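First up is the structure itself, then whatever we jot down about it.
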Number of protein chains: 2
Amino acid sequence: MNSILSALAEPNRLHIVELLRDGPLTVGEIADRLGLHQPQASKHLRVLSEAGLVEMQPVANRRIYRLRPQPLMELDAWLASFRRIWEERFDRLDEYLLELQKSEQKHDDKP
Amino acid sequence: MNSILSALAEPNRLHIVELLRDGPLTVGEIADRLGLHQPQASKHLRVLSEAGLVEMQPVANRRIYRLRPQPLMELDAWLASFRRIWEERFDRLDEYLLELQKSEQKHDDKP
DNA sequence: CTTGAATATACCTTGACAGGAATATTCCAA
DNA sequence: TTGGAATATTCCTGTCAAGGTATATTCAAG
C-alpha cells in the first residue's frame with residue numbers, strides 16, 4: 001500500500017501511469033512524451049515495477065511496459081473503507097465533543 | 001492530486017488518516033496512538049491540512065482534527081478512470097505489438 | 001563481425017523532508 | 001495572576017531520492 005502511494009506521489013511517475021492507461025508503451029516513447037531523458041524514464045519505470053504497478057515484456061531491443069491492475073485495485077479497496085464518510089456524511093464531531101465534555105466532568109469528580 | 005498522494009505516501013500520515021476514519025481526534029490522542037512525539041504529530045497534521053485531507057476545529061486548549069472527504073473523492077474519481085482496465089481486461093498488448101511491427105515495415109519501405 | 005539503436009545501471013551532486021529538541025503561544029483553573 | 005496543559009513553530013541534522021552524465025549491455029541489420 002505504501003510503496004504504491006510513494007510510487008504515485010512522484011509527478012513524472014503519475015504521468016507515466018496515466019500514459020499507460022491508454023495502452024502499453026516503449027521506454028523511448030515514454031521518455032519522449034514526458035520530455036524525460038531516457039535514464040530517468042528507466043529509473044521511474046523501475047520504481048513503478050517494484051511497486052507492482054507496471055510490468056515489462058522484452059521485444060528484441062525494446063522493453064514494452066504496461067499497467068498492472070492489481071495495485072490500483074488495492075488502492076480502490078482501501079478507498080472503499082472511507083466511502084461511508086462521504087456517503088453517510090459520517091462526521092461524529094458532535095458525538096466527540098460530548099465525549100470530551102464527559103471526560104472533563106469525570107476529571108472534576110471529587111469522591 | 002499530487003499533494004494528496006505525497007501527503008498519503010508518508011506512513012505516519014497514512015496512519016493518521018486511517019485513525020481519523022473512525023472519528024475526530026485531538027493532536028495529543030493522535031500522537032499517543034501512533035507513538036509519535038507531539039511536534040511530529042503537529043507537523044504531519046499540517047501537511048495533511050495543506051493537502052485538504054483534514055480540517056481543524058479549536059476547542060479551548062485543544063485542536064480537534066477530522067477527515068475531509070473531498071480529496072479522497074478526487075482520488076476515487078481518478079481511480080475510476082482506470083477501472084475499465086481491470087473490468088474489461090483492457091490490455092492492448094497484441095494490438096501494440098502489431099503496430100510496432102507495422103512501423104518496422106514502414107521503415108523498410110524503399111520507394 | 002561491426003555498428004548503431006534501445007535500454008539499464010553506476011556514480012555524483014543537490015534539494016527536500018522527517019525526526020529531535022527547545023521554545024513560543026494560548027488557554028483554563030486555582 | 002500564576003502555573004501547567006495542549007499545541008504550534010523554529011532550528012538543526014541526517015537521510016533519501018531525483019536529476020545529470022557517463023558507461024555497460026543487448027540486439028538487429030548489414
Side-chain angles (χ1 to χ4, degrees), chain A residues 2-16 20 24-51 54-66 96-97 99-101 103-110, chain B residues 2-16 20 24-51 54-66 96-97 99-101 103-110:
Chain A
N2 196 300
S3 68
I4 301 173
L5 286 170
S6 45
L8 295 176
E10 210 285 329
N12 288 314
R13 286 196 291 263
L14 185 67
H15 210 296
I16 290 181
L20 293 180
L25 285 178
T26 286
V27 177
E29 289 172 317
I30 294 174
D32 283 352
R33 304 201 192 183
L34 267 70
L36 294 178
H37 294 155
Q38 174 267 320
Q40 339 299 334
S42 283
K43 286 185 226 175
H44 284 310
L45 284 166
R46 183 188 229 283
V47 176
L48 289 172
S49 176
E50 283 168 353
V54 131
E55 65 188 347
M56 182 266 280
Q57 171 172 348
V59 169
N61 235 356
R62 345 238 174 136
R63 310 294 165 93
I64 303 182
Y65 283 88
R66 59 181 157 172
Y96 184 74
L97 290 176
E99 281 181 22
L100 259 190
Q101 200 174 336
S103 68
E104 303 288 315
Q105 291 177 351
K106 263 186 194 169
H107 210 261
D108 289 353
D109 282 349
K110 312 285 183 186
Chain B
N2 197 300
S3 68
I4 301 173
L5 286 170
S6 44
L8 295 176
E10 210 285 329
N12 288 315
R13 285 196 291 262
L14 185 67
H15 211 297
I16 290 180
L20 293 181
L25 284 178
T26 286
V27 177
E29 288 172 317
I30 294 175
D32 282 353
R33 303 201 194 184
L34 267 69
L36 295 178
H37 293 156
Q38 174 267 319
Q40 339 299 334
S42 283
K43 286 186 225 175
H44 284 309
L45 285 166
R46 184 188 231 282
V47 176
L48 290 172
S49 177
E50 283 166 354
V54 131
E55 66 188 348
M56 181 266 278
Q57 170 172 347
V59 169
N61 234 358
R62 346 237 173 137
R63 309 293 162 94
I64 303 183
Y65 283 88
R66 59 182 157 174
Y96 184 75
L97 289 176
E99 280 181 23
L100 259 190
Q101 202 174 336
S103 68
E104 304 289 315
Q105 290 177 351
K106 264 186 194 169
H107 210 258
D108 290 354
D109 283 350
K110 311 286 181 185

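By convention in this document, chain letters (A, B, ...) are assigned in the order of the sequence lines, proteins followed by strands, and residues within each chain are numbered from 1. These numbers come from a predicted model, not from an experiment.
With hydrogens and angles ignored, a donor-acceptor pair closer than 3.5 Å exists between the side chain of A/N61 and the base of C/dA5. Between the side chain of A/Q38 and the base of C/dA8, a donor-acceptor pair under 3.5 Å is found.
Distance CD (B/E29) to P (D/dA5): 17 Å, rounded to an integer number of Å. At whole-Å resolution of the value, NE2 in B/H15 and P in C/dG19 are 13 Å apart. Atoms CD1 (A/I16) and P (D/dA18) sit 11 Å apart, rounded to a whole Å. One atom, CG of A/D32, and another, P of C/dA5, lie 14 Å apart when rounded to the nearest Å. Rounded to whole Å, atom P of D/dA22 lies 11 Å from atom NE2 of A/H37. We find that CE of B/M56 is positioned 13 Å from P of C/dT26, with the value rounded to whole Å. Spacing between atom CG of B/L5 and atom P of C/dC17 amounts to 15 Å, rounded to whole angstrom units. In this structure, CD of A/E10 is placed 18 Å from P of D/dC16, rounded to the nearest angstrom.
A heavy atom lying under 4.0 Å from DNA chain D marks the following residues of residues 39-46 of chain B, by number: B/P39, B/S42, B/K43, B/R46.
The side chain of B/T26 has D/dA6 as its nearest neighbour among C/dG19, C/dC27, D/dA6.
In this structure, A/R63 and A/R13 both approach DNA chain D, and ranking their closest nucleotides by distance from the 5' end singles out A/R13.
In terms of phosphate contacts, B/R62 brings no side-chain nitrogen or oxygen within less than 4.0 Å of OP1 or OP2 of C/dC27. Proximity of B/Y65 to the phosphate of D/dA6: no side-chain N or O atom is located under 4.0 Å from OP1 or OP2.
If you take CD1 on B/I4 and CG on B/L48, they are separated by 11.0 Å, rounding to the nearest 0.5 Å. The NE2 atom of A/H44 lies 13.5 Å from the CZ atom of A/R46; values are rounded to the nearest 0.5 Å. In this structure, CD1 in B/I30 is found 4.5 Å from CG in B/L45, a value given to the nearest 0.5 Å.
Closest of all the heavy-atom pairs between B/Q38 and B/A31 is CA-CB, 4.2 Å. Contact detail for B/N12 and B/L34: the closest heavy-atom pair is O-CD2, 3.5 Å. A pairwise comparison of heavy atoms in B/A51 and B/S3 identifies CB-O, 3.8 Å as the closest pair.
Remark: the backbone N or O of B/T26 is paired with a side-chain donor or acceptor of B/E29 at under 3.5 angstrom.
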